[in-house]
Amino acid sequence: MEVILARSAGFCFGVSNAVKMLDLAIQESSGLVYTLGDIIHNEQVVNWYKAKGVMVAHEVADIKEGSSVVIRAHGVSPDVMDKLIERKLKIYDATCPYVKKIQMLVRGKYKEGNEIIILGDKNHPEVISINGYCDNSAHIIDEPEQINELNLKDCNVCIVSQTTQNREVLKKVFKISQKAFKNVLKFDTICSATSKRQEEAMDIAKKVDLMVVVGGVKSSNTQKLYEVSKRYCRNTVKVENASQLNIKNIQKIGITAGASTPEWVIKEVLDKMEENKELDFETLFEQSLVELHTGDVVEGTIIGFNEKEAYVDLGYKSDGIITREQYSLDPNFTFKDNTKVGDKVKVFVINVNDKEGNVVLSKVRVDRDEFNKELEKCLKEKTVINVTVTEVVNGGVIAVYNGVKVFIPGSRLSDFYVKDMNEYLNKSIDVRLIEIDRRKKRVVASARELIEEKKNEKLAKFWDGIQVGMRIKGKVKNIESYGVFVDTGVVDGLVHISELDWNRGRIKDIVKTGEEIEVEVIDFDREKNRLLLSRKRCIENPWEEFLKTHGEGDIVDCKIVRFTGFGAFAEIENGIDGLIHISEISDYRLTSPKEVLKLGQVVKSKIIKVSEDKKISLSIKAVEPINPKEKEEEAKLKEQEAKEESQHVEKFENTIGDMVNKEE
Ligand code: F3S
């Protein structure tokens, strides 16, 4: 006779968790300990706890004040929870996380206005607890065809399932509902532990002569296992314990057990079989399980979690437990936000059997080993990594890369001396690893080379693109007496004062520090990193503009801007000055132009010459001379005197003439 034992047979993590919670309650409580309903659907287990003094209450009112109460894996409805709180009981909530998830889902969808349909047994405590989250308004069905009997044609409908239902039945429900309702939200809420157990039972049932399903009579998932197995093996029996077993003339036997069937009940069934055959069942039992040793790295599947720990199916006789701290080094990590049931996880076995029979696991150890390998690779391949500075320490800063501390010496933080390293706190920077000392657990990185490389790359790119005559933009960085330095983003270029503007003036009147200006490249030396620029070549040449509209002979208004010993300079237009020679101002000889002109005075002048070397000669005199009054008066006086003198000469001449004439 051959026996095949399902690897998934026995307690699921939800049930296992509930039993542990009850043990904890017994341990911690000085008063009475109650369970609200049977802790699990297994009479032997319930009786065992009864013997330990645990009371089973079917109503909240049955529980004495000051006692402790354990909520089993099926959970309770919100109103029951309120009553428990009201009675000031010490509550141990062992609601399975799967069930809790369905409760929250139903509450959310119900609030959004959906009609809730639950595929399940309306008398099952899990279904009752879920129904409580939609004010007990759910439509509970246990056959797919019942969908058509629901009067919800024009409604928005949300369908969930009891965790222990058969997936094929649920699929059928989804299919029918698609046509039956206007909008349907379909959620497959069958527990993966359940479906896995059912699938395995189905596989075994296909190949055996007798299929034995071990579990409590009230256990829904045991009943489902029986139904699934029966479909593939007509010779399927459901037993609560070994005493109900009767095996005769069977070649191949398959065994599975419900989620609430303890291991020792399964063992009893195996022992009973042993009485009927020659096989070593202990060996057979062990053979069906994977081997596990402390220090192994194995892959498992997450089958559930709470805030503090996750449960991992390793294919071993016990599930593995992994605490939050051993799952991730991130202090903000939560199982709820970062994992889901069904996730595969690579773990390190810390202990195959803690005092409570659990396998203790660590993901952090695996991650760390893999991460160390990754770090070595980064060092070897000079990979750029992004780290966040978290601390300033003596001689440098500490940064964090994927949870690992990396030291960056102060001299390696930048390509210049960093005076205050606190400026780097909480900032992300790119670095390269430069040293890994496993013995000292020291990882050292540097940002400096990277910054230098980037700068050099930028510089090379800049010079590659630079040509004499091209125009670029930059910001005035420094103003010196001989010109200004312009920051082009990569190299600082010099605009000599002579290249700043067409007009001579004070530099500070032409540009301001920080001002963005356009400049033309007039020369550069890549090797010496020197760049000569011109600003004035990017702006209009006033001389050329002037020549377009003015010429010799034109009369212009101009403003006296400067005096010299030989005349005065007058501005014709912005940037265009002409010289009025002292001889071109007045009809009289002046000793200084200031005799008749003053600064700022506007005078009409004639352009008398425009030379090729951009010199303009002007003449006021050619338009209207400006004569000094005293000179005019003096001239008038002289004229008068001359006139009188000529009259006198005339008189005298007449007298002589007359005399001559008279003599003749
Ligand atoms: Fe929970 Fe699934 Fe067990 S829902 S109680 S883990 S069968």
Side-chain angles (χ1 to χ4, degrees), residues 384 386 388-389 392 397 408 410-431 447-546 559 561-562 571 573-577 600 614:
V384 177
N386 188 266
T388 305
V389 177
V392 174
V397 298
I408 308 170
S411 59
R412 300 269 190 171
L413 263 175
S414 185
D415 60 339
F416 55 83
Y417 170 67
V418 178
K419 211 170 167 190
D420 183 7
M421 288 188 282
N422 284 306
E423 285 173 12
Y424 283 78
L425 266 182
N426 303 321
K427 287 197 177 147
S428 290
I429 53 172
D430 284 342
V431 293
R448 193 180 69 201
E449 290 78 5
L450 214 58
I451 294 169
E452 284 170 353
E453 274 172 32
K454 278 185 187 166
K455 272 193 179 169
N456 288 341
E457 262 172 42
K458 217 170 160 187
L459 204 59
K461 206 171 161 194
F462 175 81
W463 287 123
D464 286 348
I466 282 291
Q467 282 172 9
V468 170
M470 75 185 287
R471 288 181 178 187
I472 50 177
K473 284 199 172 148
K475 271 190 181 160
V476 176
K477 196 172 171 186
N478 297 323
I479 297 181
E480 305 292 345
S481 58
Y482 51 87
V484 298
F485 283 96
V486 175
D487 177 6
T488 64
V490 185
V491 172
D492 291 349
L494 172 68
V495 181
H496 189 263
I497 189 164
S498 60
E499 289 294 334
L500 209 52
D501 200 37
W502 293 103
N503 301 325
R504 282 275 183 157
R506 290 193 318 158
I507 298 180
K508 284 184 180 165
D509 292 338
I510 302 170
V511 289
K512 300 265 177 290
T513 306
E515 181 186 341
E516 191 181 65
I517 58 171
E518 190 176 30
V519 284
E520 188 175 307
V521 177
I522 53 174
D523 196 11
F524 66 91
D525 185 335
R526 185 174 181 149
E527 299 309 312
K528 291 181 182 160
N529 239 15
R530 266 178 46 195
L531 180 65
L532 288 177
L533 306 166
S534 167
R535 173 183 174 270
K536 76 176 188 186
R537 296 186 199 195
C538 298
I539 51 183
E540 274 179 0
N541 184 339
W543 177 255
E544 283 164 15
E545 289 303 304
F546 177 78
K559 188 165 83 179
V561 289
R562 215 158 62 247
E571 187 185 68
E573 281 183 1
N574 190 21
I576 304 293
D577 293 351
K614 299 178 185 170

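In this text, all values refer to a predicted model and were calculated from it rather than measured experimentally.
For Lys455, the salt bridge (Lys or Arg N to Asp or Glu O under 4.0 Å) partners at least two apart in sequence or on another chain are Asp415. Take Asp525 and apply the side chain to side chain contact (heavy atoms under 4.5 Å, CB included) test, not counting sequence neighbours, and it matches Glu527, Lys528, Arg530. Under the side chain to side chain contact (heavy atoms under 4.5 Å, CB included) criterion, Ser414 pairs with Phe416, Val418, Tyr424, Ile451, sequence neighbours left out. In this structure, the side chain to side chain donor-acceptor pair (under 3.5 Å) partners of Arg412, at least two apart in sequence or on a different chain, are Glu449. Partners of Asp464 under the side chain to side chain donor-acceptor pair (under 3.5 Å) rule, at least two apart in sequence or in another chain, are Arg526. In this structure, Glu573 has no side chain to side chain donor-acceptor pair (under 3.5 Å) partners at least two apart in sequence or on a different chain. Residues that satisfy the side chain to side chain contact (heavy atoms under 4.5 Å, CB included) test with Ser481, not counting sequence neighbours, are absent from this structure. Glu423 pairs by the side chain to side chain contact (heavy atoms under 4.5 Å, CB included) definition with Asp420, not counting sequence neighbours. Here Asn529 pairs with Trp463 under the side chain to side chain donor-acceptor pair (under 3.5 Å) rule; sequence neighbours left out. In this structure Asp430 satisfies the salt bridge (Lys or Arg N to Asp or Glu O under 4.0 Å) test together with Lys454, sequence neighbours excluded. With sequence neighbours excluded, the residues forming a salt bridge (Lys or Arg N to Asp or Glu O under 4.0 Å) with Glu545 are Lys548, listed by chain and number.
Using a 4.5 Å cut-off on side-chain heavy atoms (C-beta onward), Leu425 and Val397 make no contact. Side-chain atoms of Ile408 and Val431, non-hydrogen and from C-beta on, do get closer than 4.5 Å to each other. Looking only at side-chain heavy atoms (C-beta outward), Ile517 and Val476 come within less than 4.5 Å of each other. Inter-residue side-chain proximity for Val521 and Ile472 is flagged as met; some heavy-atom pair is nearer than 4.5 Å. The shortest distance between side-chain heavy atoms of Val561 and Asp577 falls below 4.5 Å.
Glu520 has a carboxylate O that lies under 4.0 Å from a charged side-chain N of Arg471, or vice versa, which qualifies the two as a salt bridge.
A donor-acceptor contact shorter than 3.5 Å is absent between the side chain of Trp543 and the backbone of Ile576.
Counting all heavy atoms, side chain and backbone alike, Cys538 lies closest to Glu518 at SG-O, 3.7 Å. Here the closest heavy-atom approach between residue Ser428 and residue Thr388 is recorded as OG-OG1, 3.4 Å. Taking every heavy atom of both residues into account, Asp509 and Lys512 meet most closely at CA-NZ, 4.5 Å. The two residues Met421 and Val392 have their closest heavy-atom pair at O-CG2, 3.8 Å.
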*For side-chain contact (heavy atoms from CB on, under 4.5 Å), just list the numbers for Leu532 and Phe524, CA-CA rounded to whole Å, side-chain angles, deciding distance to a tenth of an Å, and then say yes or no.*
CA-CA 6 Å; Leu532 288 177; Phe524 66 91; over 6 Å; no
*Between Val389 and Asn426, is a side-chain contact (heavy atoms from CB on, under 4.5 Å) present by the stated rule, with each step listed?*
CA-CA 5 Å; Val389 177; Asn426 303 321; over 6 Å; no
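Other residues, nucleotides and ligands contribute over 12 non-hydrogen atoms within 6.0 Å of the NZ atom of Lys536.
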Quiz: residues 484-501 side-chain donor-acceptor pairs under 3.5 angstrom, not counting sequence neighbours:
{"from": "Asp487", "atom 1": "OD1", "to": "Gly489", "atom 2": "N", "distance (Å)": "2.8"}
{"from": "Thr488", "atom 1": "OG1", "to": "Val491", "atom 2": "N", "distance (Å)": "3.2"}
{"from": "Thr488", "atom 1": "OG1", "to": "Val491", "atom 2": "O", "distance (Å)": "2.6"}
{"from": "Asp492", "atom 1": "OD2", "to": "Lys477", "atom 2": "NZ", "distance (Å)": "2.6"}
{"from": "His496", "atom 1": "ND1", "to": "Ser498", "atom 2": "N", "distance (Å)": "3.1"}
{"from": "His496", "atom 1": "ND1", "to": "Ser498", "atom 2": "OG", "distance (Å)": "2.9"}
{"from": "Glu499", "atom 1": "OE1", "to": "Ser534", "atom 2": "OG", "distance (Å)": "2.6"}
{"from": "Glu499", "atom 1": "OE1", "to": "Arg537", "atom 2": "NE", "distance (Å)": "3.1"}
{"from": "Glu499", "atom 1": "OE2", "to": "Arg537", "atom 2": "NH2", "distance (Å)": "3.0"}
{"from": "Asp501", "atom 1": "OD1", "to": "Arg535", "atom 2": "NH1", "distance (Å)": "3.3"}

